[in-house]
Amino acid sequence: METITKTKRKVKQTSTIKILGAEAVVKCLLAENANLIYGYPGGAIMPVYDEFYKYRDELHHVLTRHEQGAVHAAQGFARATGRVGVAIATSGPGATNLITGIADAQIDSTPLVCITGQVSSPLLGSDAFQETDIISISTPVTKWNYQITNAAEIPEVIAKAFYIAKSGRPGPVLIDITKDAQFGELDFEYKKCKEIRSYTPVPKMETAKIKAAADIINKAKKPFVVFGQGVILGKAEEEFKAFIEKADIPSASTLLGLSAIPTDHNLFYGMVGMHGHYAPNVLTNECDVLIAIGMRFDDRVTGNLETYGKQAKIIHFEIDPAEVDKNVKTDIAVLGNVKDTLTEILPMIKENKHESWHQKFDDLYNIEYNEVIHSQQNPNEGEGITMTEVLTLLNDETKGDAILVSDVGQHQMITSRYAKFNQSKSKITSGGLGTMGFALPAAIGAKMGVPERDVIAIIGDGSFQMNIQELGTVLQTKVPLKIIILNNEFLGMVRQWQELFFDKRYASTVMTNPDFVKIAEGYGLIANRVEKREDLANGIAEMMASNESYLLEIMVEKEGNVFPMIPTGASVSDIRLK
């Protein structure tokens, strides 16, 4: 008789566990290494906050004083670290208060995942307490959004959210979770998202176009590179530097491209745009090949499109096909992540020298130095402290190693023009949206993201009062942040336009300010005020030497202007020195 041996049937092992939707949210965040998040609790998101309490040893939630502060802090974290920032809020006004920061992140390509609570699904559309249709509201300013009404959707949707936020051209994603989904049960299993059907975050490189671009660059007599934040987002700093050095191409940055290469690099000639440097703006309209790398031809960069670079062949290195030919017609578009496309083109680039072309940049810089820079750095006796003086002394203290987070206005442009940077991700500001109130919370996020670096928020007196309440976040977290208020008792940038174009009719731009030093001290910060030039250097040195949170208010000249300047609608070559 045959012996029949029974084999034990293998049972497929599963890693699922049954938990509540609210706990699933926390587990998803931890699986994505998003253990530092910013937010503000409320009724519709309370189940998730209850899980935060239970997981408080693994996940650090920072209570900001306003939801806008939370989303800007998440932006600062993302910009300083290169990771996805996370902000969380309740429904209704909590969700709508995130919108400004989400819009800011969308236009500046900042990877965010924002999570909002929502009323229970049976109440959707009933105008229930604190119900807003945040999906419809946020659709124009998000890379993707989704409303979860079933707990079982949570892991897959959050995995997609992180993948979409950080892949390709980064951006903000919003996930709205109804309260019943937070209370619902699911069999939890988390798988990171690696691809989504029909979503191609990085377009395929075309070797033929790369070769054609290399041929044009090699034949150029007066090539010029304008680079943007795409170099930083693509982690292509070294490839970019090798490219411009091999071809010996003068280069200038957009506002958000600053710090991609050190500011003292011999091929770096400053910033383009409305308040950029004289040489790169003027010579944009004299180069024979204009190479745009990781930038989108924003109107503040191009000025009048009818006159922008018309004499040049234009090559555009870009990850987002939607940006190609949107504003400026290109001769060759090189699609892909610039790290990959620059790596591909580098062996095709011939070593070159453009000495006479560089001399033109140097000559125009000397004109700008004599007409603008020298007088700003060395004002006459009896004149008020200039913002440029402050940045010059700050450079002496930081040696270019600090992260500078600037708000929006004259101080933003002065910081961008004069600050020194040695390493990437060192200049953080609101670019495309120009959001006042950005700097204080963004600096909090940046300092928490990279605690080993000095982080200095540079803010105007108007911008500071937009989110002044976030001093409470500094107090509670004890984050050792350095804050400089450049106080001219005006909404300075608007006042400058009123002076130049509205016959000095200073309508609603004069600021009657509170005592910022007393306010800062009330929030537990060390604070000091500088009113005299002879006290400026010591005031900055004392702030930099402090290991605690420190606010330094500096009274600067009231009616100082930022030059050079391209008037609205003018050509970049019509840039004014005064």
Side-chain angles (χ1 to χ4, degrees), residues 65-69 71-72 93 96-97 99-101 103-104 107-108 141 255 273-275 298-300 303 376 383-388 390 405-417 429-443 457-471 483-520 529-531 551-570 576 578:
R65 295 305 184 263
H66 192 284
E67 292 88 355
Q68 186 181 351
V71 68
H72 288 328
T96 58
N97 282 343
I99 291 296
T100 295
D104 192 285
I107 200 165
D108 283 355
V141 293
L255 177 65
M274 179 170 283
H275 290 288
D298 176 76
D299 65 293
R300 289 297 171 105
Q376 283 292 297
E383 294 181 352
I385 297 170
T386 68
M387 295 184 187
T388 305
V390 176
V405 185
S406 61
D407 221 290
V408 173
Q410 287 182 314
H411 64 280
Q412 177 190 34
M413 293 296 104
I414 292 294
T415 301
S416 302
R417 284 177 47 79
T429 194
S430 171
L433 199 64
T435 305
M436 292 177 68
F438 172 89
L440 178 55
I458 301 176
I459 314 177
D461 49 308
S463 291
F464 186 58
Q465 293 175 86
M466 287 280 189
N467 272 316
I468 193 172
Q469 78 285 339
E470 296 309 323
L471 290 177
I483 303 165
I484 294 177
I485 300 175
L486 297 178
N487 186 354
N488 56 13
E489 298 181 317
F490 267 110
L491 295 176
M493 186 62 81
V494 183
R495 185 216 58 78
Q496 177 170 333
W497 282 53
Q498 289 171 333
E499 176 187 335
L500 298 176
F501 308 116
F502 294 89
D503 296 325
K504 294 189 176 183
R505 293 187 294 275
Y506 294 156
S508 300
T509 48
V510 178
M511 299 288 287
T512 300
N513 293 318
D515 189 326
F516 293 127
V517 170
K518 286 184 178 178
I519 290 173
R529 179 183 295 112
V530 170
E531 300 183 56
L551 183 142
L552 179 64
E553 179 186 14
I554 302 173
M555 306 303 296
V556 296
E557 57 180 346
K558 284 193 172 186
E559 296 185 53
N561 289 330
V562 184
F563 285 106
M565 179 181 182
I566 302 170
T568 299
R576 294 172 52 172
K578 56 186 177 180

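Remember, predicted model here, so these are calculated numbers, not experimental data. All values below come from the heavy atoms of this structure, side chains included, with hydrogens, waters and symmetry mates left out.
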Next item on the list: Run the numbers on Arg417 and Phe563 for side chain to side chain contact (heavy atoms under 4.5 Å, CB included), then give the verdict.
Entry: CA-CA 10 Å; Arg417 284 177 47 79; Phe563 285 106; over 6 Å; no
Checklist line | salt bridge (Lys or Arg N to Asp or Glu O under 4.0 Å) involving Arg529 - partner list, sequence neighbours excluded | finding: Asp515, Glu553
Next item on the list: Could you tell me which residues satisfy salt bridge (Lys or Arg N to Asp or Glu O under 4.0 Å) with Glu499, sequence neighbours excluded, listed by chain and number?
Entry: Arg495
Note to self: For the CD1 atom of Ile459 and the CZ atom of Phe438, what is their distance to the nearest 0.5 Å?
What the structure shows: 11.0 Å
Next item on the list: Drop me the distance from His411's NE2 to Asn487's CG, to the nearest 0.5 angstrom.
Entry: 11.5 Å
Checklist line | side chain to side chain contact (heavy atoms under 4.5 Å, CB included) between Met555 and Ile385, intermediate numbers included | finding: CA-CA 7 Å; Met555 306 303 296; Ile385 297 170; 6.0 Å; no
Next item on the list: State whether the side chain of Asp104 and the backbone N or O of Leu433 hold a donor-acceptor pair below 3.5 Å, judged by distance alone.
Entry: no
Note to self: Looking at Gln412 and Ser430, would you say the former's side chain and the latter's main chain have a donor-acceptor pair under 3.5 Å?
What the structure shows: yes
Note to self: Give me the atom names and distance for the closest heavy-atom approach of Asp461 to Asn513.
What the structure shows: OD2-ND2, 3.0 Å
Next item on the list: Report the distance from atom CE of Met274 to atom OG1 of Thr568, rounding to the nearest 0.5 Å.
Entry: 4.0 Å
Check: Which atom names give the shortest non-hydrogen contact between Glu470 and Pro441, and what distance separates them?
Finding: CG-CB, 4.2 Å
Next item on the list: Return yes if some donor-acceptor pair links the side-chain N/O of Asn488 with the main-chain N/O of Glu557 below 3.5 Å, else return no.
Entry: no
Check: Looking at side-chain heavy atoms only, is the closest gap between Ile468 and Leu440 below 4.5 Å?
Finding: no
Check: Taking Gln496 for the side chain and Val562 for the main chain, is one N or O donor matched with an acceptor at less than 3.5 Å?
Finding: yes
Item checked: Side chain Asn97, main chain Pro93, donor-acceptor under 3.5 Å -> yes
Next item on the list: Look only at the side chain of His275 and the backbone of Pro564, and say whether a donor-acceptor pair between them is shorter than 3.5 Å.
Entry: yes
Notebook entry, point to check: Roughly how far apart are Ile483 CD1 and Leu471 CG, rounded to 0.5 Å?
Noted result: 5.5 Å
Check: Under 3.5 Å, is there a donor-acceptor pair between the Glu559 and Asn561 side chains?
Finding: no
Next item on the list: Report yes if the side chains of Gln465 and Pro514 come closer than 4.5 Å at any heavy-atom pair, otherwise no.
Entry: yes
Margin query: Please find the pair of heavy atoms, one from Gly431 and one from Asp108, that lie closest to each other, and give the distance.
Written below: N-OD2, 2.7 Å
Item checked: Donor-acceptor contact present, side-chain Gln498 to main-chain Ala507, <3.5 Å -> yes
Next item on the list: Search all heavy atoms of Ala457 against all heavy atoms of Ala439 and return the closest pair with its distance.
Entry: CB-O, 4.3 Å
Note to self: Tell me whether the count of non-hydrogen atoms from other residues, nucleotides or ligands lying under 6.0 Å of CZ in Phe502 goes above 12.
What the structure shows: no
Margin query: Quick check for you: to the nearest 0.5 Å, what is the distance between Ile519 atom CD1 and Leu551 atom CG?
Written below: 9.5 Å
Next item on the list: Taking Thr429 for its side chain and Ser406 for its backbone only, find out whether a donor-acceptor pair lies under 3.5 Å.
Entry: yes
Checklist line | Nearest-0.5 Å distance that lies between atom CG in Asp407 and atom OG1 in Thr435 | finding: 8.5 Å
Next item on the list: Examine distances only and state if a side-chain atom of Gln410 and a backbone atom of Gly560 form a donor-acceptor pair shorter than 3.5 Å.
Entry: yes
Note to self: For Leu255, is there any backbone N or O sitting under 3.5 Å from a side-chain donor or acceptor partner on Ser416?
What the structure shows: no
